[in-house]
Number of protein chains: 2
Amino acid sequence: MMSEDSIKEYLRERALKATPIRVGLLSLLSERESAIPYSEIQENLKSFDRVTLYRTLNALIDGGIVHKASTSGDETYYALCSQKCSKHCHKHEHIHFKCTACHEVSCVHIEQAIKISIPNFQIEEVSVEVKGVCDKCCK
Amino acid sequence: MMSEDSIKEYLRERALKATPIRVGLLSLLSERESAIPYSEIQENLKSFDRVTLYRTLNALIDGGIVHKASTSGDETYYALCSQKCSKHCHKHEHIHFKCTACHEVSCVHIEQAIKISIPNFQIEEVSVEVKGVCDKCCK
DNA sequence: TTTTCAAATGCAACAATGTTGCATCAAAAA
DNA sequence: TTTTTGATGCAACATTGTTGCATTTGAAAA
């Protein structure tokens, strides 16, 4: 959860103008712990043009503020990056977990690094998506 | 690489009629080692209706014969399942590797199982997608 | 505060992707 | 060969995503 002022400051730090749709998108993403599907973002920001929303999402992904999560399903989910990401370095040391019960997608930070090596292959990026039942639904 | 006859037999084993588009799709997928992007499949099978292709892909995925690979990029890739998959159990003990040089997507079988555990979460399925440079392009 | 200007927006038009209903056709079994 | 269930093709539609361009606006300079 971020205040409007801190969102604006955050945007300016990244050389992005603090426009209403950007502030709206970041508010939405920051007040939720889980990643949010595109359709829900669209619903929440439907006062803005659809094209503008696409451009906003791309601009914020480009700026290292937002990332796509769980693209393997039908819908694309979006979530805030940890503040360590930059324009040219989207590093996510977490996995995306999609709960098959509540359908929430969350970014789970894991202790052990995932290391994969394949002979003669040069690994640049590993993304892991896990499906199952989350702690809330396991109760 | 599978013969037309073995493809037909394979389909019937799974209670799927051996129609021309299904045989065509499976021929295409089996004569290639890597996963194939939708656009290329579409191009190869353009004599068939676009709708029929979608239904064919879904039917074969449903039947445990084909799976989607590397959905996180822009395009969906498709590949043959190992013959162990069934209608209700798509188990893939491999990762999807997308080469950033040649853009080929391949299913790489890895020795060590990927085990991920998160406290209080029940894990059902783990999918791993790796980007980097493949052995052919590393030379 | 007002001016300035690059960047962001909204709109129109388009392209690609994916889905549904329905009449017709064909694969596989009787 | 006939039958029948499931697959196909076509039309129409829905969603997702993109591009060009005129207009507006955020933020910095005057």
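Residue numbers start from 1 in every chain, and the chains themselves are labelled A, B, ... in the order their sequence lines are given, proteins ahead of strands.
- Side-chain atoms of B:R55 stay outside donor-acceptor range of the base of C:dG18, with no qualifying N/O pair under 3.5 Å.
- The aromatic ring centroids of A:F121 and B:F97 lie less than 6.0 Å from each other.
- Between D:dT15 and A:S39, no contact under 4.0 Å exists linking OP1 or OP2 to a side-chain N or O.
- With DNA chain C read from its 5' end, the first of the two nearest nucleotides for B:Q42 and B:P20 is the one closest to B:Q42.
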Exercise. Between A:C138 and B:N120, is a side chain to side chain contact (heavy atoms under 4.5 Å, CB included) present by the stated rule, with each step listed?
Worked result: CA-CA 7 Å; A:C138 267; B:N120 305 315; 5.6 Å; no

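- Within 4.0 Å (heavy atoms only), B:A59 reaches no atom of the nucleic acid at all.
- When the P atom of C:dA16 is taken as reference, atom CZ of B:R50 falls 10 Å away, rounded to whole Å.
- Atom pair A:K46:NZ and D:dT15:P shows a separation of 13 Å (rounding to whole Å applied).
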Exercise. Yes or no on ring-ring contact (aromatic ring centres under 6.0 Å, His included) for A:Y54 and A:F48, after CA distance, side-chain angles and deciding distance?
Worked result: CA-CA 10 Å; A:Y54 278 113; A:F48 300 95; over 10 Å; no

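- The side chain of B:R22 contributes an N or O atom lying less than 4.0 Å from OP1 or OP2 of D:dA7.
- Nucleotide D:dT25 holds its C1' atom 13 Å from the CZ atom of A:F48, rounded to whole Å.
- Distances shown here put a side-chain N or O of B:T52 below 4.0 Å from the OP1 or OP2 atom of D:dG9.
- Within the nucleic acid shown, B:T56 comes within 4.0 Å of sugar-phosphate atoms alone, with no base atom in reach, counting heavy atoms only.
- The distance from atom NZ of A:K17 to atom P of C:dA8 is 6 Å, rounded to the nearest whole Å.
- When the nucleotides C:dG18, C:dA12, D:dA27 are ranked by their closest atom to the side chain of B:Y54, C:dG18 comes out on top.
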Exercise. Can B:S27 and B:E4 be said to form a side-chain hydrogen bond (donor to acceptor under 3.5 Å, both in side chains), step by step?
Worked result: CA-CA 7 Å; B:S27 295; B:E4 195 174 311; 6.0 Å; no

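- Regarding contacts with the backbone of C:dT17, every side-chain N or O of B:T76 stays at 4.0 angstrom or more from both OP1 and OP2.
- Taking atom CD1 of residue A:I41 and atom P of nucleotide D:dT15, one finds them 17 Å apart after rounding to whole Å.
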